[in-house]
A.B. asks: 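Pasting in a structure now, in structure tokens, and then I'll have a few things to ask.
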Protein chains: 2
Amino acid sequence: MVEFEEEKEIFLEHIRKSGLRRTGQRDLILEIFLKTEEHLTSEDLYWLVQKEDPSVGHTTVYRTLKLLTEAGLAREVRFGDNKTYYEHHYDHEHHDHLICTSCGKVVEFFSQQIEELQDSIAEQHGFKLSHHSLRMWGLCEMCSKSEADVSSVPPGAQPRVRVKTVIGGY
Amino acid sequence: MVEFEEEKEIFLEHIRKSGLRRTGQRDLILEIFLKTEEHLTSEDLYWLVQKEDPSVGHTTVYRTLKLLTEAGLAREVRFGDNKTYYEHHYDHEHHDHLICTSCGKVVEFFSQQIEELQDSIAEQHGFKLSHHSLRMWGLCEMCSKSEADVSSVPPGAQPRVRVKTVIGGY
DNA sequence: TTGATTGCAAAGCATTTGCATGCTA
DNA sequence: TAGCATGCAAATGCTTTGCAATCAA
């Protein structure tokens, strides 16, 4: 069984429409991106690709992620650590992010009510909206419980977001 | 009449509490920051400071802006061009941003309803919220009117945001 | 064959850091 | 006088670009 047929077709269609070329590297990068259901940096994806084909360069991964974004398969997100993460975009509901500033956990959520309010605010200001980004930072349940007790931070917890001074606003 | 007394007092108080020192550079940078009611990068502020005192270095402006942020006088914001902007924070209502992707115009807005929805969503997920960032991108009224007609872009319009692929998510 | 694609190295940017000197408290 | 602050230069980290070689159509 072939996986991600639809996504791959969309990619090929985008390649075709834009007069670009299909290459082994692009296929491989797309494949691995689609397989990985996580927020990835270009760097992260680069290392995954390396395991399959060590000849692929950093640059190609960067360029391919841009391509996937243009094709509507990927979406760029930032969590406040000055890195660009990519997540699946095609066939994924639009959503926003809740980010734990202690352990780096990211929760995706969606609120129809907020979406509607946003549209109406944009309209009030005469804006034709193309996209938006809503991020909320705070302590997740686990981290706020163990706030006072440093030793109880989950072992191996790797904060994705190390917020010194907050980027992206309060 | 002395302007910005309150802000200056807050700054001095912060200096005191943190065991830091008051210097001419910090005073000057604060003064100019307070005078400028705009979204400024460290670079922007650096050049304004240069006009008054060419001996002040870039580093000091960076460091002082961090200080002002810690003191609660400034707030960092990002609009999608990978630069950090600063805006006044003290005694300024919390607000979010609408950004025109064509001319770079930034509109500040506030919605009590959205704030409340955010709080309730965070609560549902067990998060103790510390801050958030909501940005919406699109075309402002003027730009969407002149969309088809490139020649009618306002002369001298300096897009603050040059969005190639969107940073910060849709 | 033609022109897009690749990978390397180098360049770009915004931001941060090391360090000797200078200056508040 | 102690040690924080400053400014320079260099380093950093992520991302983009120039370019010669390679490869898809």
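We name chains A, B, ... by the order of the sequence lines, and we start the count at 1 in each one.
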A.B. asks: Think Arg22(A) has a side-chain N or O under 4.0 angstrom from the OP1 or OP2 of dC23(D)?
C.D. replies: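 The answer is no; no side-chain N or O of Arg22(A) sits under 4.0 Å from OP1 or OP2.
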A.B. asks: As a test of reading the structure: which of dG18(D), dT17(C), dA25(C) is closest to the side chain of Arg63(B), going by heavy atoms?
C.D. replies: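 Within the option list, the nearest is dT17(C).
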A.B. asks: Heavy atoms only, 4.0 Å cut-off, all strands: where does Thr41(B) land among base, sugar-phosphate and nothing?
C.D. replies: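 If one applies the 4.0 Å heavy-atom cut-off, Thr41(B) turns out to touch nothing in the nucleic acid.
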A.B. asks: Verify the distance criterion only: is there a donor paired with an acceptor across the side chains of Thr84(B) and Arg78(B) at less than 3.5 Å?
C.D. replies: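 Yes - a donor-acceptor pair under 3.5 Å links their side chains.
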A.B. asks: Between Glu87(B) and His95(B), is there a side-chain donor-acceptor contact under 3.5 Å, judged purely by atom types and distance?
C.D. replies: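 A pair is found: one side chain offers a donor N or O, the other an acceptor, under 3.5 Å apart.
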A.B. asks: If you assign each of Arg21(A) and Thr23(B) to its closest nucleotide in DNA chain D, which residue comes earlier from the 5' end?
C.D. replies: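 Upstream on the strand: Thr23(B).
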A.B. asks: Can you tell me the distance, in whole Å, between the CG atom of Asp44(B) and the C1' atom of dT15(C)?
C.D. replies: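 Those two atoms, CG and C1', are 15 Å apart.
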A.B. asks: From CD of Gln50(A) over to P of dT6(C), roughly how many Å is that when rounded to an integer?
C.D. replies: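 In whole Å, dT6(C) P and Gln50(A) CD are 15 Å from each other.
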A.B. asks: Is it the case that the side chains of His125(B) and Glu141(A) hold a donor-acceptor pair, with the cut-off being a distance below 3.5 Å and no angle test?
C.D. replies: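 Not at all, the side chains of Glu141(A) and His125(B) share no donor-acceptor pair under 3.5 Å.
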A.B. asks: For the pair made of CD in Glu76(B) and P in dA14(C), what is the distance, rounded to whole Å?
C.D. replies: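 After rounding, the gap between these two atoms is 15 Å.
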A.B. asks: Could you tell me how far apart Tyr62(B) (OH) and dA5(D) (C1') are, to the nearest whole angstrom?
C.D. replies: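 It is 18 Å, rounded to the nearest whole Å.
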A.B. asks: Check whether any side-chain N or O of Lys66(B) sits under 4.0 Å from OP1 or OP2 of dT16(C), and answer yes or no.
C.D. replies: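 So the side chain of Lys66(B) is within the cut-off, an N or O lying under 4.0 Å from OP1 or OP2 of dT16(C).
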A.B. asks: Could you check whether Glu43(A) gets within reach of a base, just the sugar-phosphate, or nothing at all, counting any heavy atom under 4.0 Å?
C.D. replies: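 No contact.
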A.B. asks: Can you tell me if the side-chain N/O atoms of Arg26(B) get under 4.0 Å from OP1 or OP2 in dT6(D)?
C.D. replies: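 It does, given that an N or O in the side chain of Arg26(B) lies less than 4.0 Å from OP1 or OP2 of dT6(D).
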A.B. asks: Between P on dG12(C) and CG on Asp81(B), what's the gap in Å once rounded to a whole number?
C.D. replies: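 Whole-Å distance recorded here is 20 Å.
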A.B. asks: Would you tell me whether His94(B) and His131(B) have side-chain atoms, one donor and one acceptor, within less than 3.5 Å of each other?
C.D. replies: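 There is no such pair (donor and acceptor under 3.5 Å, judged by atom type) between the side chains of His94(B) and His131(B).
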A.B. asks: Side-chain N or O of Gln25(B) less than 4.0 angstrom from OP1 or OP2 on dG7(D)?
C.D. replies: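 Yes, Gln25(B) has a side-chain N/O under 4.0 Å of OP1/OP2 on dG7(D).
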A.B. asks: Calculate the interatomic distance between Tyr46(B) atom OH and dC13(C) atom P; express it in whole Å.
C.D. replies: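 These atoms are roughly 17 Å apart.
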A.B. asks: Using heavy atoms to find the nearest nucleotide of DNA chain C for Leu20(B) and Ser42(B) separately, return the residue whose nucleotide is more 5′.
C.D. replies: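 Whichever sits nearer the 5' end wins; that is Ser42(B).
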A.B. asks: Both Leu67(A) and His58(A) contact DNA chain C. Which one's nearest nucleotide lies toward the 5' end?
C.D. replies: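 The residue mapped nearer the 5' terminus is Leu67(A).
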A.B. asks: Rounding to an integer number of Å, can you tell me how far Trp47(B) CH2 sits from dA14(C) P?
C.D. replies: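 To the nearest whole Å, that distance equals 12 Å.
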A.B. asks: Given atom OH of Tyr85(B) and atom P of dC13(C), what is their separation to the nearest angstrom?
C.D. replies: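 Interatomic distance, OH of Tyr85(B) to P of dC13(C): 15 Å.
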A.B. asks: Which of these nucleotides, dT15(D), dA14(C), dA9(C), is closest to any side-chain atom of Thr59(A)?
C.D. replies: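 Of the candidates, dA9(C) comes closest.
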A.B. asks: Parallel, tilted or perpendicular: which one describes the rings of Tyr85(B) and His39(B), with boundaries at 30° and 60°?
C.D. replies: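 Because their plane-to-plane angle is over 60°, the rings of Tyr85(B) and His39(B) count as perpendicular.
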